[in-house]
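Notes to accompany the following structure.
Positions are given from 1, in the same order as the sequence printed here. Note that these values count all heavy atoms, side chains included, but never hydrogens, waters or copies made by symmetry.
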Amino acid sequence: MSKSNLLGPMFNPSIEHSRFWTLRGNPAILTGRRLKRENAKFKHNGVQHGVIFLNIGDTHLEKDIIVPSLVKEAVHRAIESQRICYTFSEGEPDLIKSVAHHYGVSESEVFILNGVTEAIFFLARLFARIPTGDGDLSCSTQRNQPWHNIMLIRPVYPPWSGILLEHGIALTLVDRYTDGARCGQPCLEEIKEKINPATLAVVLISADNPTGKVLTRQTVENIARILKYYREKKGQTIFMIVDDIYRDFVEPDKRVDFLKISNEYKVPLLLLGGIDKILGTGFHGGWLVVHIPRIPAFKRLSRQTLEAIRILFSKYLGANTITQYAMKPYFDESELVRPDVKKNIDKFRLWSDKFIKGLLKLEKEKLLKFKYGVPELPLYLWLEILNFRKWGSATRFAEALVTKTGILVAPGDPFGDNKCIRISVVRDPVKPLNIPQIMLNFMKSAGG
């Protein structure tokens with residue numbers, strides 16, 4: 001059996017290639033889940049506790065975060081009126097109308113899904129390329145023509161990389177600037193250098209998971225200029241895909257109008273949004289806006305793109321009906337929903353500031369440091385392990401940390417950087433335990 005298909009010849013060989021890019025299947029995460037099942041107990045400063053999950057951005061993991069009352073009422077009304085049948089495949093028409101009005105686009109450009117992750121699956125199916133031979137995508141560089149690829153910025157949110165690989169799409173990884181005023185922004189020189197004739201799209205995350213960095217308007221415009229150059233000078237159309245699920249976490253004056261940039265630079269845009277992080281993670285709902293600027297050169301592309309997506313949706317029963325009703329107040333009664341959303345975000349910002357203050361002690365001790373500087377998104381902290389040789393990988397570090405202390409963080413390996421860890425800010429880091437201090441003690445006792 002070929003090493004490239006360890007699961008056997010009857011299965012998709014790309015599943016094996018995507019194994020590396022899975023956070024939930026990472027050994028450290030599996031160890032934390034096992035300890036939880038075994039009801040393992042840990043004790044620090046006289047406080048006994050179980051496993052503390054800081055590995056996943058579940059914004060409603062703690063009871064301190066609330067679901068807006070109008071959202072709850074909308075769900076109750078839907079259930080009581082028995083309006084819980086299947087919606088249209090593309091989504092509930094009234095919700096589509098609300099989303100379209102919010103963005104100022106045609107209703108035909110809006111599609112409703114079960115969260116951004118499901119949107120990634122749809123886009124992977126849209127761009128899918130069937131592997132040839134034994135499906136070893138790692139050999140694509142030896143082909144006469146480059147393998148169809150999508151560009152991702154590293155470290156990258158694992159579902160993007162894993163799902164694309166499973167659909168036969170190669171990954172082109174671009175790093176970030178590590179210093180200066182552009183620290184944490186995608187490296188423009190690498191984007192220019194790595195685009196090839198088979199590049200299908202560039203994926204951007206507006207407020208980044210895992211680094212916590214926020215894309216600047218200047219960065220997005222510079223990337224749009226690059227894509228415009230390839231269209232005008234090379235005759236190559238490249239989509240800009242934007243994962244904008246954390247938009248509400250970004251300060252209003254720092255938010256980027258991706259639709260405006262798409263129109264200005266004549267770049268086709270696939271914009272993803274969702275309500276998971278702000279209305280309640282249990283409401284796994286999202287949307288896809290397909291926006292092709294209206295110019296003669298894109299007339300055929302617009303027709304073909306929308307037709308392809310409609311074919312995909314024709315096989316789809318539609319997003320969860322209850323969640324679609326939960327999404328409506330976010331668009332239709334935003335002035336009443338936003339205050340509760342702001343309260344939640346303010347808590348995340350407070351917790352993030354506390355975490356940062358405590359973790360800067362580890363940076364002072366030369367144990368961990370913020371690789372791209374202090375983050376702006378108050379939900380994720382991305383830290384580099386400075387005594388890396390001792391651990392060998394972030395997975396080993398995270399596994400040792402949860403085994404000894406009960407604190408589970410996300411190792412950076414599945415994000416494409418095995419020297420870093422990600423902390424999801426889903427609880428107060430000093431009540432009832434001082435988590436940064438426990439991490440500091442652990443690293444010192446382990447010979448950090």
For Lys371, all residues meeting salt bridge (charged side-chain N to carboxylate O under 4.0 Å, His left out), sequence neighbours excluded: Asp417
Side chain to side chain contact (heavy atoms under 4.5 Å, CB included) against Tyr229, all qualifying residues, sequence neighbours excluded: Lys233, Lys234
Side chain to side chain donor-acceptor pair (under 3.5 Å) contacts touching residues 301-316 (sequence neighbours left out): Asn114-Tyr316, Glu118-Tyr316
Partner residues of Lys213 under the salt bridge (charged side-chain N to carboxylate O under 4.0 Å, His left out) criterion, sequence neighbours left out: Glu376
Residues in side chain to side chain donor-acceptor pair (under 3.5 Å) contact with Arg154, at least two apart in sequence or another chain: Asp175
Test salt bridge (charged side-chain N to carboxylate O under 4.0 Å, His left out) applied to Asp428 - qualifying residues, sequence neighbours left out: Lys354
ring-ring contact (aromatic ring centres under 6.0 Å, His included) partners of Phe111, counting only residues at least two apart: Phe313
Test ring-ring contact (aromatic ring centres under 6.0 Å, His included) applied to Phe415 - qualifying residues, sequence neighbours left out: Trp382
Residue list, side chain to side chain contact (heavy atoms under 4.5 Å, CB included) with Ser98, at least two apart or on another chain: Lys328, Phe331, Asp332
Partner set under salt bridge (charged side-chain N to carboxylate O under 4.0 Å, His left out) for Asp413, not counting sequence neighbours: none
Tyr330: partners by ring-ring contact (aromatic ring centres under 6.0 Å, His included), with sequence neighbours left out: none
Any residue meeting side chain to side chain contact (heavy atoms under 4.5 Å, CB included) with Lys97, in chain and number order, not counting sequence neighbours: Glu107
